[in-house]
**Q** 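This is the structure I have questions about; it appears just below.
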Amino acid sequence: MSSHVTVLGAGIIGLTCAIRLQEHGHTVTVVTAEEPRRTVSSLAAAVWYPTRTDADPRVLSWARRTFDELTSQAARGVPGVVPRPTRMILRRPHTTPWWAPAVPDFAEGPGEWRFTVPSVEMPVYLQCLLDRFGAAGGRLARHRVERLSDVPRLVAGTSVVVNATGLAARDLADDPAVHPARGQIVGVANPGLVTSVRDEEHPAGMTYIHPRSRDVVLGGTFQPGEWDTTVDPATTAAILARCAELVPELAGAPVVWQAAGLRPARHGGARVEAGLGLPGGVGLVHAYGHGGAGVTLSWGCADEVVVLAGGVAGA
């Protein structure tokens, strides 16, 4: 049964949910306080990897579905999506990771894992999703929502609300488990790199190197509870040093941008479930708290949101 669904949030979770809902016959409005290009999703390095997520069959399903969807999109030439060879450096013995079944070419070698995963250039990809949403009749409305119960009044005809507000869900859903995990990254000119490198156990801090078409995203930090988005020059210098140590070709690469953002983390993992109904018999589905794995879990979570929305419509 089709219905009018209002999705709160225009980051990667909100837009993938909106598109999947459209594909299942729903009329969809996206309400967002920020333009998609100003959401924290636009800052994501966005190489598929279920970072800081639990070894849970449900999470593996989300990750696998997203891997398959993004791989298909890359094969179709969707803007901003490419397969990316990746090296994960290991500084101690590890067992095979729980997410390996989702990655067809996962291979273990001395001191590293090697695999190919989808990589997404988020500014390009978010605009592509927004264009796709609009072309299918979707409506985007700019409004800062103060209470979930306000949504049916703001968007007439709403029968289901999908709460994909990320960090804002801390207040909107009264969920103290939601918290920021600050991340700082640096963009440098690409000296010709094509392989991503990850070193999550570097003694000086987590390190990653993700090439893109015109630049390389270098990171990073993961600072739970930190709300400051001011770029710290000392952190930038430390990131550049760690990355050049791992990939010497990066030494002296010109810095073209720097940024800091707040990942929407949540103790206990992402919340994707039906919530208590809103006034007037309007159903509610929550989809937030994905931390730094929003892109990695996005399409799989969107598939589940479609099922949940069907279950609460008119309830």
Side-chain angles (χ1 to χ4, degrees), residues 11-13 34 38-54 84 86-92 94 97 113 117 119-123 166-168 170 177-190 193 195-212 215-248 250-270 288-297:
I12 188 64
I13 299 300
E34 300 285 354
R38 294 180 61 86
T39 63
V40 71
S41 291
S42 68
L43 299 178
V47 175
W48 186 99
Y49 187 81
T51 182
R52 298 177 188 266
T53 54
D54 294 332
R84 180 68 60 194
T86 304
R87 294 176 55 221
M88 167 66 88
I89 296 172
L90 305 176
R91 294 180 178 265
R92 58 185 175 86
H94 281 268
W113 297 329
V117 294
S119 172
V120 181
E121 296 198 27
M122 291 304 288
L167 197 55
R170 179 180 175 88
V178 177
H179 62 279
R182 182 182 182 276
Q184 183 167 320
I185 53 177
V186 185
V188 301
N190 192 340
L193 304 180
T195 299
S196 285
V197 179
R198 309 184 73 102
D199 184 355
E200 306 231 324
E201 298 175 339
H202 192 289
M206 63 181 289
T207 305
Y208 50 82
I209 298 158
H210 296 319
R212 303 194 299 190
D215 59 8
V216 185
V217 180
L218 308 180
T221 63
F222 194 95
Q223 300 169 297
E226 292 290 333
W227 290 87
D228 188 1
T229 57
T230 304
V231 170
D232 174 39
T235 300
T236 293
I239 290 171
L240 291 170
R242 295 200 303 273
C243 292
E245 173 197 338
L246 292 179
V247 180
L250 289 169
V255 173
V256 293
W257 55 265
Q258 304 174 58
L262 306 179
R263 303 176 183 92
R266 182 174 182 270
H267 300 301
Y288 63 81
H290 296 76
V295 172
T296 300
L297 306 179

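The analysis underlying the following values was restricted to heavy atoms, covering all of them including side chains, and did not include hydrogens, waters or symmetry mates.
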**Q** Which pair of non-hydrogen atoms, one from Ala265 and one from Ala181, has the smallest distance, and what is that distance?
**A**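 Nearest pair, atom of Ala265 first, then Ala181: CB-CB, 4.1 Å.
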**Q** To the nearest 0.5 Å, what is the distance between CG on Asn190 and NE2 on His210?
**A**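 If we round to the nearest 0.5 Å, Asn190:CG and His210:NE2 are 13.0 Å apart.
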**Q** Would you give the length of the straight line joining atom CG of Asp199 to atom CD1 of Ile89, rounded to the nearest 0.5 angstrom?
**A**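 That separation rounds to 5.0 Å.
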**Q** Is any side-chain heavy atom of Val188 closer than 4.5 Å to one of Leu240?
**A**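 Contact flag for Leu240/Val188 side chains = yes.
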**Q** Which residue, Ile12, Thr39, Val217, Val40, forms the side chain to side chain contact (heavy atoms under 4.5 Å, CB included) with Met122?
**A**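 Looking at Ile12, Thr39, Val217, Val40, the match for Met122 under the side chain to side chain contact (heavy atoms under 4.5 Å, CB included) is Ile12.
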**Q** With the side chain counted from C-beta on, respond yes when Ile13 and Tyr288 share a heavy-atom pair under 4.5 Å apart, and no when they do not.
**A**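 Of all side-chain heavy-atom pairs linking Tyr288 with Ile13, none is under 4.5 Å.
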**Q** Take Leu250 and Leu193 through the test side-chain contact (heavy atoms from CB on, under 4.5 Å) and record every step on the way to the result.
**A** CA-CA 9 Å; Leu250 289 169; Leu193 304 180; 3.7 Å; yes
**Q** Do Thr229 and Arg182 have side chains that get closer than 4.5 Å, going by heavy atoms?
**A**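 They are not in side-chain contact.
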**Q** What I'd like to find out is whether the side chain of Arg84 reaches to under 4.5 Å of the side chain of Trp48, using heavy atoms alone.
**A**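 They are not in side-chain contact.
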**Q** Could you tell me which non-hydrogen atom of Tyr49 sits nearest to which non-hydrogen atom of Thr296, and how far apart they are?
**A**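 Here Tyr49 and Thr296 meet closest at N-OG1, 2.9 Å.
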**Q** Which atom pair, heavy atoms only, marks the closest approach of Gly219 to Cys243?
**A**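 Reported closest heavy-atom pair: O-SG, 3.9 Å.
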**Q** Are Ser196 and Pro211 side-chain neighbours, meaning at least one heavy-atom pair lies under 4.5 Å?
**A**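 The answer is yes; the side chains approach within 4.5 Å.
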**Q** Taking all atoms of both residues into account, what is the closest heavy-atom pair of Gly292 and Thr51, and its distance?
**A**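 Gly292 and Thr51 have their closest heavy atoms at O-CG2, 3.6 Å.
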**Q** Grab the two heavy atoms, one from Pro50 and one from Ala293, that are nearest each other, plus how far apart they are.
**A**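 So the minimum-distance heavy-atom pair works out to CA-CB, 4.4 Å.
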**Q** In Å and rounded to the nearest 0.5 Å, what is the CD1 to OG1 distance from Ile209 to Thr86?
**A**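 That separation rounds to 11.5 Å.
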**Q** Just checking, is any N or O donor in the side chain of Thr236 or Gln258 under 3.5 Å from an acceptor N or O on the other one?
**A**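 Indeed, the side chains of Thr236 and Gln258 share at least one donor-acceptor pair under 3.5 Å.
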**Q** Can a donor-acceptor pair be found between the side chains of His94 and Glu201 at a distance below 3.5 Å?
**A**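 There is such a pair (donor and acceptor under 3.5 Å, judged by atom type) between the side chains of His94 and Glu201.
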**Q** Could you walk me through whether Glu200 and Met88 pass side-chain contact (heavy atoms from CB on, under 4.5 Å), step by step?
**A** CA-CA 8 Å; Glu200 306 231 324; Met88 167 66 88; 3.8 Å; yes
**Q** Any sub-3.5 Å donor-acceptor pair from Ser119's side-chain atoms to Val117's backbone N or O?
**A**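 No: the side chain of Ser119 does not pair with the backbone of Val117.
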**Q** Would a 4.5 Å heavy-atom cut-off, applied to side chains only, mark Arg87 and Arg198 as touching?
**A**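 No, every pair of side-chain atoms sits at 4.5 Å or beyond.
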**Q** Is there a side-chain contact between Trp227 and Leu167, using heavy atoms and a 4.5 Å cut-off?
**A**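 Trp227 reaches Leu167 side chain to side chain.
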**Q** Could you give the distance from OG1 (Thr221) to CD (Gln184), rounded to the nearest 0.5 Å?
**A**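 Result: 6.0 Å between the selected atoms.
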**Q** Between Val186 and Val255, is any pair of side-chain heavy atoms under 4.5 Å apart?
**A**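 Yes, at least one pair of side-chain atoms sits under 4.5 Å.
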**Q** Rounded to the nearest 0.5 Å, how far apart are CH2 of Trp257 and CG of Asp215?
**A**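 Trp257 CH2 to Asp215 CG: 6.0 Å, rounded to 0.5 Å.
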**Q** To the nearest 0.5 Å, how far apart are CZ in Phe222 and CZ in Arg52?
**A**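 Between Phe222 CZ and Arg52 CZ, I get 4.5 Å after rounding to 0.5 Å.
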**Q** Check the pair Leu218, Ile185 against side-chain contact (heavy atoms from CB on, under 4.5 Å), reporting the backbone distance first and the verdict last.
**A** CA-CA 6 Å; Leu218 308 180; Ile185 53 177; over 6 Å; no
**Q** Can you tell me if CZ on Arg91 sees more than 12 non-hydrogen neighbours from other groups inside 6.0 Å?
**A**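 Correct, the count exceeds 12.
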**Q** Can you see which heavy atom on Pro248 is nearest to which on Glu245, and at what distance?
**A**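 Nearest heavy atoms, Pro248 then Glu245: CD-O, 4.4 Å.
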